[in-house]
Amino acid sequence: MTFSDAGRLFVGDNRGAISVWDVSLRFSNLKAENYFKILSKELEGDQINQIRIHPEHINQLYVHSRDNCIRLIEYESSRGTRVKKRFFGSLCKELSIRSDVSPDG
């Protein structure tokens, strides 16, 4: 789970889907609106360990999943949701491995 600076909440699940809400505080009430899901055939059925927002592009996410791949996913574009890049690491099926992104992306 992660929040963007614009108040968007991203939650990854154990089936490979990312749920998204626009979250705001209005008159002391928490509002979660404009719910949608980011889906990718490539992530389907794979547990998501970590989500990071690209520091320079608000419609791109780094998604680290249990198949030991970090994907740069672009959503809400004219091309729809797509995987722009893939980064592979060492194999680890039993532990929840996390990743991070440098400030320049």
Side-chain angles (χ1 to χ4, degrees):
M1 170 169 44
T2 191
F3 278 97
S4 72
D5 290 340
R8 192 166 263 187
L9 172 63
F10 299 88
V11 179
D13 66 19
N14 65 345
R15 296 177 309 247
I18 301 168
S19 298
V20 184
W21 292 268
D22 289 330
V23 179
S24 61
L25 188 61
R26 293 189 198 140
F27 307 109
S28 301
N29 293 321
L30 186 64
K31 298 282 185 185
E33 304 171 311
N34 303 324
Y35 171 77
F36 66 95
K37 281 193 175 190
I38 299 172
L39 302 171
S40 171
K41 280 285 193 195
E42 222 175 281
L43 283 170
E44 192 174 292
D46 198 15
Q47 297 174 7
I48 295 175
N49 287 348
Q50 185 79 28
I51 300 172
R52 293 285 187 212
I53 299 162
H54 193 291
E56 296 176 356
H57 304 285
I58 60 171
N59 67 333
Q60 293 181 0
L61 302 173
Y62 287 99
V63 179
H64 191 159
S65 61
R66 274 285 173 90
D67 67 352
N68 304 304
C69 182
I70 300 169
R71 293 172 179 86
L72 177 58
I73 295 179
E74 183 177 62
Y75 67 97
E76 290 186 345
S77 72
S78 60
R79 301 174 97 181
T81 299
R82 68 185 183 114
V83 177
K84 287 187 72 169
K85 288 185 183 178
R86 292 166 193 83
F87 307 91
F88 295 96
S90 60
L91 296 177
C92 183
K93 292 284 185 186
E94 297 176 11
L95 300 174
S96 179
I97 304 296
R98 305 234 184 245
S99 56
D100 210 345
V101 179
S102 67
D104 63 355

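For the numbers below, each heavy atom of this structure counts, side chains included, while hydrogens, waters and symmetry mates do not.
From I58, atom CD1 reaches atom CD of E76 across 8.0 Å, with rounding to the nearest 0.5 Å. For the atom pair OG (S4) and CZ (F10), the distance works out to 5.5 Å, reported to the nearest 0.5 Å. Taking CD1 of I18 as the start and NZ of K37 as the end, the distance is 11.0 Å to the nearest 0.5 Å. Between Y62 atom OH and K84 atom NZ the span is 9.0 Å, to the nearest 0.5 Å. One finds the CD1 atom of I38 at 7.5 Å from the CD1 atom of I51 (value rounded to the nearest 0.5 Å). Taking CZ of R15 as the start and CD1 of I48 as the end, the distance is 10.5 Å to the nearest 0.5 Å.
Residue P55 comes nearest to S102 through the heavy atom pair CG-O, 3.6 Å, listed as atom of the first residue, atom of the second, then distance. Taking all atoms of both residues into account, the shortest heavy-atom contact from Q60 to Y75 is N-CE2, 4.1 Å.
Contact of the E44 side chain with the L39 side chain is not registered, since no non-hydrogen atoms from C-beta on lie closer than 4.5 Å.
Checked by atom type and distance alone, the side chain of N34 never pairs as donor or acceptor with a backbone atom of D22 at under 3.5 Å. For H54 (side chain) and E56 (main-chain N/O), a donor-acceptor pair under 3.5 Å exists by modelled atom type.
In the hydrophobic clustering of this structure, I70 groups with L72; members are Ile, Leu, Val, Met, Phe, Trp, Tyr whose side-chain heavy atoms approach within less than 4.5 Å, directly or through other members. Criterion: ILVMFWY side-chain heavy atoms under 4.5 Å apart, direct or through other members. Under it, F3 and V20 are not part of a common hydrophobic cluster.
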Residue pair I53, L61: steps toward the side chain to side chain contact (heavy atoms under 4.5 Å, CB included) verdict: CA-CA 5 Å; I53 299 162; L61 302 173; 3.8 Å; yes
Side chain to side chain contact (heavy atoms under 4.5 Å, CB included) assessment of L30 paired with V23: CA-CA 7 Å; L30 186 64; V23 179; 3.5 Å; yes
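Exactly one of Q47, E42, R71 qualifies for a side chain to side chain donor-acceptor pair (under 3.5 Å) with S65. That residue is R71.
Atom CG of N29 has more than 12 neighbouring heavy atoms from other residues, nucleotides or ligands inside a 6.0 Å radius.
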